[in-house]
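Here is the structure we will look at, set down as structure tokens.
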Number of protein chains: 2
Amino acid sequence: MEEVNIKSLAKKLNLSISTVSRALSDSYEIGAETKQRVRQLAKELNYQPNPFASSLRKRKSNTIAVIIPEIANNFFTLVIKGIEDIAQAQEYHVLIYITHENSAREIAYCNHLLNGRVDGVLMSMSGEMDDIDHINSLIEHHVPVVFFDRICEQISTVKIITDDYESAFTGTEHLIAKGCRSIAYLGILKTHSISKNRLHGYQDAMKKNNIAIDKQHIVSCSGDIDQDYQVIKALLTSAHRPTGIFAAVEHAALVCYEVAADLGLKIPQDFKIISFSNLRTASLLNPPLSTITQPAYHIGQEAAKALFGELKNRNGIENTKITLRSSLIERESTA
Amino acid sequence: MEEVNIKSLAKKLNLSISTVSRALSDSYEIGAETKQRVRQLAKELNYQPNPFASSLRKRKSNTIAVIIPEIANNFFTLVIKGIEDIAQAQEYHVLIYITHENSAREIAYCNHLLNGRVDGVLMSMSGEMDDIDHINSLIEHHVPVVFFDRICEQISTVKIITDDYESAFTGTEHLIAKGCRSIAYLGILKTHSISKNRLHGYQDAMKKNNIAIDKQHIVSCSGDIDQDYQVIKALLTSAHRPTGIFAAVEHAALVCYEVAADLGLKIPQDFKIISFSNLRTASLLNPPLSTITQPAYHIGQEAAKALFGELKNRNGIENTKITLRSSLIERESTA
DNA sequence: CTGTTAGCGCTTTCAG
DNA sequence: CTGAAAGCGCTAACAG
């Protein structure tokens with residue numbers, strides 16, 4: 001398997017290296033006939049240009065990075081799918097980095113990506129909002145960053161989000177309308193944009209309806225399944241057991257179902273629940289789970305489009321916030 | 001932001017480029033003191049070596065590709081997680097390619113990856129088993145390929161699989177034991193290894209129990225949700241409605257639940273069902289779904305480990321088949 | 001329209 | 001122990 005590169009092609013065609021290079025990149029200064037010859041041989045030998053040589057020279061990787069806190073989760077999976085579909089069309093490659101909700105890893109990845117391996121980054125933050133040097137660093141190095149879902153307000157860039165505050169507000173009111181007065185909030189309690197917005201939506205809905213919030217009803221989930229099981233079990237066995245649960249993350253809702261099953265609690269008789277979730281099986285659960293569903297695939301697409309807008313057209317990334325709407329999907333037992 | 005590269009470091013330190021390079025790669029021929037100086041400055045300036053230059057020179061990308069048919073699916077998500085975790089530890093990067101079950105895309109990706117962008121490929125096949133030129137091509141170009149789940153028997157390499165035949169066999173017998181005599185098989189009908197093995201397991205279980213298979217009970221699912229909905233609806237409204245369903249893919253089982261809900265059919269009264277599935281919510285469905293659950297995360301890890309074994313140790317990839325065991329998890333309604 | 005040439009940033013012989 | 005220099009494969013001035 002002798003190496004087939006631009007040089008060997010040139011030799012075989014009795015052309016110079018640069019002519020071959022130009023022919024392959026369809027330069028206007030190459031004759032139609034020459035182009036034809038070059039292309040033909042390239043196809044015959046299945047010539048594949050070395051991406052590293054090209055990237056090194058052009059200072060362009062044709063690759064983007066996606067940095068997400070986790071992947072075993074329908075939301076992020078759908079987002080990736082949306083990103084991939086757009087990237088594919090643009091002939092870009094997609095590198096995946098999973099932080100496991102660990103902001104130290106997020107920082108390490110960002111620092112690493114200062115090296116030019118990617119042309120841009122799509123990111124949903126793990127870290128806290130005040131911890132943003134690594135992001136600024138990327139931007140200073142001309143690596144555009146587009147945020148989705150877990151954005152960072154302080155950074156001036158494109159942000160694709162959903163109406164978290166409003167969704168949480170209406171979701172909470174939905175529970176109130178169902179007669180719940182004692183409503184717990186389960187979420188990842190960080191200074192994330194979404195954590196804050198969802199929590200505020202819940203709090204404001206409670207306030208508007210003149211319901212005091214029991215401090216113990218604001219529960220922090222880590223994402224760790226065993227740990228969260230314990231925390232939620234404690235909540236559901238306490239003297240303060242809520243009659244409504246607002247789950248700001250899908251994971252929390254599932255743990256509630258599991259704990260309820262183990263404790264013999266009945267949903268919705270013992271407590272009602274609504275959750276942010278992209279579960280395909282929400283309607284098939286017992287009982288069906290009412291959800292606030294984010295347009296995950298669309299978020300991925302929009303984020304990717306925004307990034308490519310910058311990468312391809314250099315239109316200068318603006319500090320825009322694109323807000324997509326989540327849908328509150330009410331599901332009731334048909335039984 | 002002046003460029004910080006090996007050259008600028010060398011100048012600042014009054015050393016030659018090669019010394020700096022060697023110091024950074026911890027070469028034994030560099031003095032301890034010099035190494036120290038170099039490392040310190042590199043850290044101070046947050047020097048990040050250009051990966052393209054390095055890859056070009058070393059002919060090594062420190063990147064692997066994962067080619068999968070789809071992603072919005074718990075099995076592949078968990079596999080990716082397993083792969084990522086191993087890759088991370090090895091300081092490798094992971095490129096994701098999704099074929100959407102389209103073998104033309106699989107071929108295109110493989111051909112593209114002949115260019116050296118990745119050092120190895122982890123793959124679950126979309127295409128048919130007899131269509132393997134693109135894989136052989138990779139191997140000829142010294143890009144090792146490790147298969148997982150949807151493997152290709154004809155190719156001599158490491159394959160990580162689960163006991164599909166046995167699982168399908170016992171899964172089918174499980175339905176028979178529950179009293180089903182008329183059992184349908186829903187799967188992606190290709191010449192894939194897993195399609196074949198699962199189908200054979202089902203067929204042999206039926207044969208062993210002296211049950212004739214109604215031809216119309218072998219149903220091909222495309223993966224397209226609307227299309228499969230129609231196909232399964234047709235099955236469940238036909239005169240030949242089965243009393244048992246063996247779903248070889250999770251997606252098919254979910255569609256069955258959806259169709260059943262829409263038609264007002266009750267599971268398990270009207271038909272029983274068991275499915276290959278990695279759904280976290282299997283036990284929470286109404287009714288709970290009995291599953292054959294593959295050790296997805298573990299599969300990802302093993303596949304990645306096998307690939308890195310080859311990449312790091314050049315131990316020569318062997319034609320090994322590693323079979324992990326799936327678990328048949330029986331779930332019954334507690335109601 | 002085509003060729004010559006100088007690098008992109010790094011690794012690695014080969015000399016000292 | 002350190003330096004000089006070649007070159008990975010490709011692109012893009014600059015010449016003709």
Side-chain angles (χ1 to χ4, degrees), chain A residues 1-39 41-42 45-63 112-119 141-142, chain B residues 1-39 41-42 45-63 112-119 141-142:
Chain A
M1 189 106 291
E2 66 278 33
E3 301 297 324
V4 39
N5 53 27
I6 217 168
K7 199 160 149 190
S8 67
L9 287 181
K11 194 177 293 175
K12 285 208 177 66
L13 291 162
N14 270 318
L15 286 171
S16 77
I17 290 178
S18 49
T19 304
V20 175
S21 171
R22 275 184 284 232
L24 290 171
S25 54
D26 202 20
S27 161
Y28 67 96
E29 26 181 18
I30 300 293
E33 192 215 1
T34 314
K35 273 186 193 169
Q36 189 47 38
R37 287 211 304 139
V38 174
R39 291 220 187 101
L41 186 66
L45 302 183
N46 193 22
Y47 164 71
Q48 298 288 345
N50 182 310
F52 302 117
S54 169
S55 289
L56 176 58
R57 183 62 231 248
K58 294 202 291 190
R59 300 165 165 290
K60 186 160 183 314
S61 64
N62 272 268
T63 305
H112 178 89
L113 291 178
L114 296 175
N115 64 12
R117 187 183 287 276
V118 299
D119 297 335
H141 282 75
H142 310 108
Chain B
M1 190 105 296
E2 66 277 32
E3 300 298 323
V4 38
N5 53 26
I6 217 168
K7 198 162 150 190
S8 67
L9 288 182
K11 196 176 293 174
K12 285 208 178 67
L13 292 162
N14 269 320
L15 287 170
S16 77
I17 290 177
S18 45
T19 303
V20 175
S21 171
R22 276 186 279 235
L24 290 171
S25 54
D26 202 20
S27 162
Y28 68 96
E29 27 184 17
I30 299 293
E33 192 215 2
T34 313
K35 273 186 192 169
Q36 189 46 40
R37 287 212 303 140
V38 173
R39 290 222 189 99
L41 186 65
L45 303 182
N46 193 22
Y47 164 72
Q48 299 289 345
N50 182 310
F52 301 117
S54 169
S55 290
L56 177 58
R57 184 60 231 250
K58 294 202 290 189
R59 300 168 165 288
K60 186 160 184 314
S61 64
N62 271 267
T63 305
H112 178 89
L113 292 177
L114 296 175
N115 64 13
R117 188 182 287 277
V118 299
D119 296 336
H141 283 76
H142 311 108

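- Across every non-hydrogen atom of B:Ser61 and B:Gly116, the tightest pair is CB-O, 3.8 Å.
- As rounded to whole Å, 15 Å separates atom P of C:dC1 from atom CZ of A:Arg37.
- Heavy atoms of A:Thr34 sit under 4.0 angstrom from primed sugar atoms or phosphate atoms, though from no base atom.
- The side chain to side chain donor-acceptor pair (under 3.5 Å) test applied to A:Asn50 returns no partner, not counting sequence neighbours.
- For B:Ser8 (side chain) and B:Val4 (main-chain N/O), no donor-acceptor pair under 3.5 Å exists by modelled atom type.
- Rounded to 10 degrees, the angle separating the terminal helix axes of the helix from C:dC1-D:dG16 to C:dG16-D:dC1, each built from five base pairs, is 40°.
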Heteroatom pairs (N/O) under 3.5 angstrom, protein to nucleotides 4-6 of chain C:
unit_1: C:dT4; atom_1: O4; unit_2: A:Ser18; atom_2: OG; d: 3.1

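- In this structure A:Lys35 satisfies the side chain to side chain donor-acceptor pair (under 3.5 Å) test together with A:Asp26, sequence neighbours excluded.
- Nucleotide C:dT12 holds its C1' atom 12 Å from the CD1 atom of B:Ile6, rounded to whole Å.
- Considering only residues two or more places apart in sequence or on other chains, B:Arg57 meets the salt bridge (Lys or Arg N to Asp or Glu O under 4.0 Å) condition with none of them.
- Every residue two or more places apart in sequence or in another chain that forms a side-chain contact (heavy atoms from CB on, under 4.5 Å) with A:Ser18 is listed here: A:Ser16, A:Arg22.
- Chain B approaches DNA chain D within less than 4.0 angstrom (heavy atoms of the protein), and the contacting nucleotides run 5' to 3' from D:dC1 to D:dG9.
- Checking B:Lys35 against B:Leu56, the closest nucleotide of DNA chain D that is more toward the 5' end is the one next to B:Lys35.
- Looking at residues two or more places apart in sequence or on another chain, you find a side-chain contact (heavy atoms from CB on, under 4.5 Å) between A:Leu114 and A:Asn111, A:Ser137, A:Leu138, A:His141, B:Asn46, B:Gln48.
- Side-chain contact between B:Thr63 and B:Arg117 is absent, with no heavy-atom pair separated by less than 4.5 Å.
- When rounded to the nearest whole Å, the span between NZ of B:Lys7 and C1' of C:dC10 equals 12 Å.
- For the OP1/OP2 pair of C:dC10 and a distance below 4.0 Å, the side-chain nitrogens and oxygens of B:Tyr47 include at least one atom meeting the criterion.
- Residues forming a side chain to side chain donor-acceptor pair (under 3.5 Å) with A:Ser55 (at least two apart in sequence, or on another chain): none.
- Looking at heavy-atom distances under 4.0 Å, A:Ser54 makes contact with sugar-phosphate atoms alone, never a base.
- In terms of the side-chain contact (heavy atoms from CB on, under 4.5 Å) criterion, residue partners of B:Pro49 (sequence neighbours excluded) are, by chain and number, B:Tyr47.
- Applying the side-chain contact (heavy atoms from CB on, under 4.5 Å) rule to A:Arg37 yields the partners A:Leu13, A:Leu15; only residues at least two apart in sequence or on another chain are considered.
- Across all strands, B:Ser55 comes closer than 4.0 Å to no nucleic acid atom at all (heavy-atom distances).
- Separating the NZ atom of B:Lys58 from the P atom of C:dC10 is a distance of 11 Å, rounded to the nearest angstrom.
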